Number of protein chains: 2
Amino acid sequence: MASFKKDSCCNDCNLKMNMFCFLSDEQLHKVNESRFEVEFNPDEVIFKQGGPLTHIVCITKGLAKIKLEDDSNRALLLSIAKPTNMVGGPGFLTDYRHHFSVVALEKTVACFIEANMFKEIMSDNTTFSMEMISYLNKRIMMHYERLTSLTHKHMHGRIADALLYLADAIYTSDSFTTTLSRQDLADYSAMTKESAIRILKEFKDEGVISFSGDQFEILNKQSLVNISEKG
Amino acid sequence: MASFKKDSCCNDCNLKMNMFCFLSDEQLHKVNESRFEVEFNPDEVIFKQGGPLTHIVCITKGLAKIKLEDDSNRALLLSIAKPTNMVGGPGFLTDYRHHFSVVALEKTVACFIEANMFKEIMSDNTTFSMEMISYLNKRIMMHYERLTSLTHKHMHGRIADALLYLADAIYTSDSFTTTLSRQDLADYSAMTKESAIRILKEFKDEGVISFSGDQFEILNKQSLVNISEKG
DNA sequence: ATATTTGATTGACAAATATCAACGCCCCAT
DNA sequence: ATGGGGCGTTGATATTTGTCAATCAAATAT
C-alpha cells in the first residue's frame with residue numbers, strides 16, 4: 001500500500017486526501033503507521049447510520065454512495081464519494097455517531113484512519129484545522145444547493161441535476177456507464193423510481209440524452225442545463 | 001455595550017457567543033476592541049446572499065431569518081437566529097461571499113466582528129478552531145434533518161415540524177406570538193402560502209393547535225409529534 | 001371618516017407526483 | 001432448459017400540491 005505523499009495541495013470541494021500535505025513529516029508518519037485498508041464488495045455497508053464514529057475513511061478505489069436514512073424506509077442519496085474523497089461525518093467532535101450510511105457501489109477500497117488521530121493532529125496543527133473548516137463550509141454550500149434544488153425544482157430539473165452531477169463531478173465525462181440503479185437515481189433526486197424512469201425516457205425521446213441499461217450519454221448538455229435552471 | 005465575558009461554556013448547537021470562553025484574555029480584549037453593534041428594523045437585510053463576507057455577526061437582541069434565495073423568486077427559510085447565536089456562513093475560509101441572506105424579523109441588534117479576526121484567533125487557538133468544527137458539524141446535522149423532512153414528508157408533517165421548531169427551539173414555549181408571516185412559515189416548510197394556511201386551519205379544526213392572527217398555541221403536542229413522524 | 005394597501009383566507013381547478021398492478025427482461029440456481 | 005427473483009418499464013389511477021381569482025380584514029394613508 002502506497003503511503004500518503006506530501007505532493008500538491010488541493011482546494012477541491014472534496015477534501016482529497018492530499019489535504020494531508022498540511023501535515024508535518026512526523027504527523028504524516030503517524031498517520032501512515034496506523035491507517036489500514038479494507039476492500040468492500042458492491043452493496044456492502046462501509047459505515048452505518050447510527051453506528052459509532054471511530055474512524056474517518058478515505059475512498060481510495062471504487063465508488064460509494066452517501067445515504068441519509070429516515071425513520072420510514074425512504075432514503076436520500078446525498079452525494080457520491082470517489083477516490084480520493086474523505087468521508088467523515090458530522091459526528092466528528094460532536095456525538096461520535098454516524099449520521100449517514102456509506103455503501104459501496106462497486107468493488108471499493110476504503111482506507112481507515114482513527115478519528116482520534118485526526119483530533120490529535122488538529123489540536124497542534126492549526127492549518128489542518130482551518131482546512132477542515134474550509135472543507136466543511138464547502139460541504140455546507142453543497143447542502144444549500146441540494147436543499148434548493150430538491151425543494152424548489154420539479155422532477156425534470158432534479159433529474160437534470162442528477163445527470164449533470166454524475167457527468168461533471170463523478171464520471172467527468174458526458175458519456176458514462178454507471179453502477180447506480182434507477183432507484184439510486186430516484187433517491188438522489190427525491191422521487192419514486194417510476195417517476196425517475198419516466199423522465200429519463202422523456203429526455204431520451206427529446207434527444208437530450210441517450211441510454212441503454214446502465215450506459216448513459218448526454219447528447220445536448222445545454223438543454224440539460226436549461227432544464228435544470230428552469231426548475 | 002457590555003463586553004463578552006468568559007463565563008460558562010456552552011455545547012449548544014447554536015454556537016452561542018459564550019464560545020468566546022475559549023479565547024485568551026488578550027484575544028478577548030482584541031475582539032471587544034473592534035466589534036460594534038447595529039440595530040436593524042423589521043424586514044431590514046443584515047446580510048445579503050451574494051454579498052461579501054467581511055464580518056461574522058452575533059444576534060444580540062431580536063430575531064432574524066436565514067433565507068436561501070434561488071435564481072427564481074422562491075426562498076427557503078433555513079432557520080431562525082436568536083440571541084445569542086452566531087451567524088457566519090460557509091463563505092468563511094472559502095470564497096468570502098454570503099450564501100444566504102439574513103433578514104431581521106423584528107427590531108434586532110447585530111454585533112459585527114471582523115472575519116479576519118476570527119481567522120487570526122483560530123490560527124493560534126486550536127481549541128477555538130475545534131469548537132468551530134464541532135459547531136459546523138452540528139449545523140450539518142441540522143441540514144440533514146431539514147433535507148429528509150423537506151423531501152420525504154408531506155405538507156402536514158412539514159408544518160408540524162415548523163410548529164415544533166418554533167415552540168421548542170425559538171420561543172421555548174408551546175404558546176407564542178410570532179413575527180413570522182404565513183409566507184415565512186410556508187418558506188420554512190417549502191410549500192405555498194395557501195397550502196400552509198390550509199394545513200394550519202386543519203390542525204386548528206382538529207384541535208391540535210389554536211391560533212388567531214400571529215398568536216399560536218400548541219394544544220396537543222403529542223399529536224403534532226405523531227404527525228411529524230408519520231410524514 | 002374614507003380610500004388604499006397589504007396580508008390572510010377560501011374555493012375551484014389544474015398540474016405534478018405517487019401508487020398500484022402488470023409485464024418484460026436478464027441473470028442465476030437448480 | 002427452466003423457474004424464480006430482482007430490476008426496469010409501462011399504463012391507469014389516486015393523491016398531493018400548486019395556481020389563479022376572489023374575498024375579507026386589519027392597518028395605514030388621504
Side-chain angles (χ1 to χ4, degrees), chain A residues 41-43 65 70 72-77 103 105-106 148-163 177-205 209-216 227-228 230-231, chain B residues 41-43 65 70 72-77 103 105-106 149-163 177-205 209-216 227 230-231:
Chain A
N41 291 313
D43 292 324
K65 57 187 175 188
D70 63 8
S72 23
N73 277 354
R74 305 189 61 178
L76 180 69
L77 217 162
V103 180
L105 281 165
E106 48 190 70
T148 52
S149 167
L150 294 176
T151 59
H152 288 338
K153 290 185 185 178
H154 285 171
M155 293 196 298
H156 292 79
R158 305 210 298 273
I159 288 287
D161 283 341
L163 291 167
T177 300
T178 185
T179 45
L180 291 178
S181 66
R182 299 294 192 266
Q183 183 64 59
D184 288 330
L185 281 173
D187 288 345
Y188 184 86
S189 314
M191 65 186 70
T192 59
K193 165 183 91 223
E194 291 93 330
S195 291
I197 288 167
R198 270 185 259 271
I199 292 175
L200 287 173
K201 190 183 172 213
E202 273 186 55
F203 286 177
K204 185 196 243 179
D205 290 346
I209 64 172
S210 71
F211 64 87
S212 159
D214 50 8
Q215 294 196 100
F216 287 78
I227 292 168
S228 161
K230 256 195 339 209
Chain B
N41 291 314
D43 292 323
K65 56 186 174 188
D70 63 8
S72 25
N73 277 353
R74 305 188 59 179
L76 180 70
L77 219 163
V103 180
L105 280 165
E106 49 190 70
S149 166
L150 293 177
T151 59
H152 288 337
K153 291 185 186 178
H154 286 170
M155 295 196 298
H156 292 79
R158 306 210 299 273
I159 288 287
D161 283 341
L163 291 168
T177 301
T178 185
T179 46
L180 290 178
S181 66
R182 298 296 192 263
Q183 183 65 58
D184 288 330
L185 281 173
D187 288 345
Y188 184 86
S189 315
M191 65 186 69
T192 60
K193 166 183 87 224
E194 291 93 331
S195 291
I197 287 168
R198 269 185 260 272
I199 292 175
L200 286 173
K201 192 186 171 211
E202 273 185 55
F203 286 177
K204 185 197 243 177
D205 290 346
I209 64 172
S210 71
F211 65 87
S212 158
D214 51 7
Q215 295 197 99
F216 286 79
I227 292 167
K230 255 195 335 208

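We use all heavy atoms of the structure for the numbers below, so side chains are in, but hydrogens, waters and symmetry mates are not. Residue numbers start from 1 in every chain, and the chains themselves are labelled A, B, ... in the order their sequence lines are given, proteins ahead of strands. This is a predicted model, so every value here is computed, not measured.
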Undergrad: For C:dC25, what is the paired nucleotide under Watson-Crick or G-U wobble rules, both distances under 3.5 Å?
TA: D:dG6
Undergrad: Quick one: list whatever passes salt bridge (charged side-chain N to carboxylate O under 4.0 Å, His left out) with A:Asp161, sequence neighbours left out.
TA: A:Lys153
Undergrad: Test of understanding: with salt bridge (charged side-chain N to carboxylate O under 4.0 Å, His left out), list the residues that count as partners of A:Asp184, not counting sequence neighbours.
TA: A:Lys65
Undergrad: Please list, chain by chain and in numerical order, all residues satisfying side chain to side chain contact (heavy atoms under 4.5 Å, CB included) with A:Gln215, sequence neighbours excluded.
TA: A:Thr177
Undergrad: Name all residues meeting the side chain to side chain donor-acceptor pair (under 3.5 Å) criterion together with A:Asn41; count only those two or more places apart in sequence or in a different chain, and write none if there are none.
TA: A:Glu44, A:Lys107
Undergrad: Only counting residues at least two apart or in another chain, list the ones meeting side chain to side chain donor-acceptor pair (under 3.5 Å) with B:His152.
TA: none
Undergrad: Expressed as a whole number of angstroms, how long is the span from A:Leu185:CG to D:dC7:P?
TA: 14 Å
Undergrad: If the sugar-phosphate is the primed atoms plus P, OP1 and OP2 and the base is the rest, what is the B/S/- string for nucleotides 7-18 of chain C, using protein heavy atoms under 4.0 Å?
TA: -SBBBB---SSS
Undergrad: Using whole Å, report how far CD of A:Glu202 lies from P of D:dG8.
TA: 19 Å
